[in-house]
Amino acid sequence: MEQTLYLVLLLIALCSVSECVQRQYHFINERKNWTEAQRYCRANYTDLATVDNMNDMKELNKCVTDGGGPYIWIGLQKTSVNKWQWSSGDPALYLNWRSGQPDGTDECAFMRNGRWEDGGCSDSRTFICSSSNNMSTGLVFVNQRMNWRDAQSYCRQNHIDLVSVRNQNENQQIQKFISNSLRSNEVWIGLFRDSWQWSDQSNSSFRYWKSDEPNNAGGENCTVIEPNSLGQWNDISCNNPFTFVCHEDKLILIKESRTWPEALRYCRQNSLNLVSVHSEEMQRRVMNVVKGASTAEVWLGLRHSSLLGIWYWVSGDTVCYQNWAPGNGTGEDCERTVRSGAVQSGGDQRWISRPETDKLNFLCSRYE
């Protein structure tokens, strides 16, 4: 009993949300137009490079060698579909527009008296960042007036990102935070609209445009990074021949239905492992991949120990980040049925507990 308690306390002490290992980027020092570069990446890797956040951007910049040219293709392309999305990468499922909004003329959103309106991204407003520094609310009010993109950069450099508002409860919390602090009545939030889409169909809404870009000059429908400008982005005609960056996705969806032990064996026989999901960033990557599954749930590397009464990742990571669906992840009767963890391939894509004998698709990982 004492040994079991010691192990539980040790796991708690070690518990921390580790940084997500970046996808692997490959610089290709051959000059091709955007479509040819996309075809090359899909044939030899996963796709033209997708970027989820500043950590990814730093990794991508590291792989670019001297002599690659002033412009280098990545996988972002303009489409005919304009949609609202969060700067943090969260899907924009909950919307709280004021009556008559959005009116279709502006591309950035702000909150006023708890409701949202669209505004010109070049307008100056105070804003709210999401932050790990404020343990009580996770919010920081910035009493400086900036345009939306400068506010986004400020939040990313000093905190996490411009705030996402994912449900009514969060909307009420933010409005209360503003009211209690006697803050400005009108603040930028992290919602923006654009028509750019990643080649691999990722939901990533991360953008790193240069100032005054994209300028949407006639026919500039593809994206390059500029190494001489810290890798910031520019829109340009897709027909130009440039070098390019591919990415190799480290998450592999296996569309075969197997029990959890069979799935684990398959991954390990191929020098992989069932995936561990230890952060929101990794969960977003998992969500993008499992959308293509043929089963309603997909096995993760998540296992329940009846001895310790805890869930753990087979990679050895502790389960710190939690994404359980209601009623799952607690009170497991493991003496009768050995339970393992899966993620829903649709809907909210939460984790659920399933008997290990169920046969599901599964997600292997190349992450170390």
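By convention here, the first residue in the shown sequence is residue 1.
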Donor-acceptor contact below 3.5 Å, side chain [X] vs main chain [Y]:
{"X": "Asn240", "Y": "Ser237", "value": "yes"}
{"X": "Thr259", "Y": "Glu262", "value": "yes"}
{"X": "Asn228", "Y": "Pro70", "value": "no"}
{"X": "Gln101", "Y": "Asp118", "value": "yes"}
{"X": "Thr79", "Y": "Ser195", "value": "yes"}
{"X": "Asn361", "Y": "Ser294", "value": "yes"}
{"X": "Asn328", "Y": "Trp324", "value": "no"}
{"X": "Ser131", "Y": "His159", "value": "no"}
{"X": "Arg98", "Y": "Glu117", "value": "no"}
{"X": "Arg145", "Y": "Ser124", "value": "yes"}

Pairwise distance [atom1]([X]) to [atom2]([Y]) - rounded to 0.5 angstrom:
{"X": "Tyr266", "Y": "Ile254", "atom1": "OH", "atom2": "CD1", "value": "4.0 Å"}
{"X": "Ser279", "Y": "Asn323", "atom1": "OG", "atom2": "CG", "value": "11.0 Å"}
{"X": "Gln349", "Y": "Arg284", "atom1": "CD", "atom2": "CZ", "value": "12.5 Å"}
{"X": "Gln157", "Y": "Met54", "atom1": "CD", "atom2": "CE", "value": "8.0 Å"}
{"X": "Asn33", "Y": "Gln38", "atom1": "CG", "atom2": "CD", "value": "10.0 Å"}
{"X": "Phe242", "Y": "Ile74", "atom1": "CZ", "atom2": "CD1", "value": "13.0 Å"}

Is it the case that more than 12 heavy atoms not belonging to [X] sit under 6.0 Å from its [atom1] atom?
{"X": "Gln322", "atom1": "CD", "result": "yes"}
{"X": "Lys291", "atom1": "NZ", "result": "yes"}
{"X": "Asn169", "atom1": "CG", "result": "yes"}

Joint cluster assignment, [X] & [Y], ILVMFWY side-chain distance < 4.5 Å:
{"X": "Met282", "Y": "Leu302", "answer": "yes"}
{"X": "Leu76", "Y": "Val224", "answer": "no"}
{"X": "Leu230", "Y": "Ile236", "answer": "no"}
{"X": "Trp86", "Y": "Met111", "answer": "yes"}
{"X": "Val245", "Y": "Leu48", "answer": "no"}

Are [X] and [Y] packed together at the side-chain level, in the sense that at least one heavy-atom pair is separated by less than 4.5 angstrom?
{"X": "Ser87", "Y": "Arg156", "result": "yes"}
{"X": "Val187", "Y": "Arg125", "result": "no"}
{"X": "Asp358", "Y": "Glu297", "result": "no"}
{"X": "Val298", "Y": "Val286", "result": "no"}
{"X": "Leu360", "Y": "Arg354", "result": "yes"}
{"X": "Trp260", "Y": "Leu274", "result": "yes"}
{"X": "Ile72", "Y": "Phe27", "result": "yes"}
{"X": "Arg193", "Y": "Glu107", "result": "yes"}

* To do: Kindly indicate, with the supporting measurements, whether the criterion side-chain contact (heavy atoms from CB on, under 4.5 Å) is fulfilled by Cys238 and Gln77.
  => CA-CA 9 Å; Cys238 305; Gln77 185 179 40; 4.1 Å; yes
* To do: Supply the members, apart from Ile160, of the Ile/Leu/Val/Met/Phe/Trp/Tyr cluster built from side-chain contacts under 4.5 Å; use none for a lone residue.
  => none
Looking only at heavy atoms, what is the nearest atom pair of [X] and [Y], with distance?
{"X": "Leu251", "Y": "Val275", "value": "CD2-CG2, 3.5 Å"}
{"X": "Glu186", "Y": "Thr126", "value": "O-OG1, 3.5 Å"}
{"X": "Ile128", "Y": "Phe141", "value": "CG1-CD1, 4.1 Å"}
{"X": "Gly68", "Y": "Asn29", "value": "CA-OD1, 4.3 Å"}
{"X": "Asp47", "Y": "Cys41", "value": "C-CB, 3.3 Å"}
{"X": "Ala92", "Y": "Leu191", "value": "CB-CD1, 4.1 Å"}

* Give me the one residue out of Trp198, Tyr25, Tyr45 that meets side-chain contact (heavy atoms from CB on, under 4.5 Å) with His247. => Tyr25
* To do: Carefully, step by step, assess Val163 and Phe127 under the rule side-chain contact (heavy atoms from CB on, under 4.5 Å).
  => CA-CA 9 Å; Val163 68; Phe127 53 97; over 6 Å; no
Within the 6.0 Å centroid threshold, strictly below: [X] and [Y]:
{"X": "Trp209", "Y": "Trp196", "answer": "yes"}
{"X": "Trp313", "Y": "Tyr321", "answer": "no"}
{"X": "Trp116", "Y": "Tyr94", "answer": "yes"}

* Asked: What's the verdict on side-chain contact (heavy atoms from CB on, under 4.5 Å) for Asp249 and Arg285, showing C-alpha distance, side-chain angles and the deciding distance?
  -> CA-CA 10 Å; Asp249 202 336; Arg285 293 184 177 181; over 6 Å; no
Between [X] and [Y], a side-chain donor and acceptor under 3.5 Å:
{"X": "Ser340", "Y": "Arg303", "answer": "yes"}
{"X": "Thr50", "Y": "Asp200", "answer": "yes"}
{"X": "Gln283", "Y": "Trp351", "answer": "yes"}

* Given side-chain hydrogen bond (donor to acceptor under 3.5 Å, both in side chains), test Glu36 with Trp73 step by step and report yes or no. => CA-CA 11 Å; Glu36 292 169 342; Trp73 290 126; over 6 Å; no
* Anything under 30° is parallel, anything over 60° is perpendicular, the rest tilted; go ahead and classify Phe192 against Trp148. => tilted
* To do: Determine the sole option in Glu170, Arg115, Gln175 for which the side-chain hydrogen bond (donor to acceptor under 3.5 Å, both in side chains) test with Asn96 is passed.
  => Arg115
* Please assess Leu253 against Leu363 for the test side-chain contact (heavy atoms from CB on, under 4.5 Å), listing each intermediate value before the final yes or no. => CA-CA 5 Å; Leu253 175 66; Leu363 200 57; 4.0 Å; yes
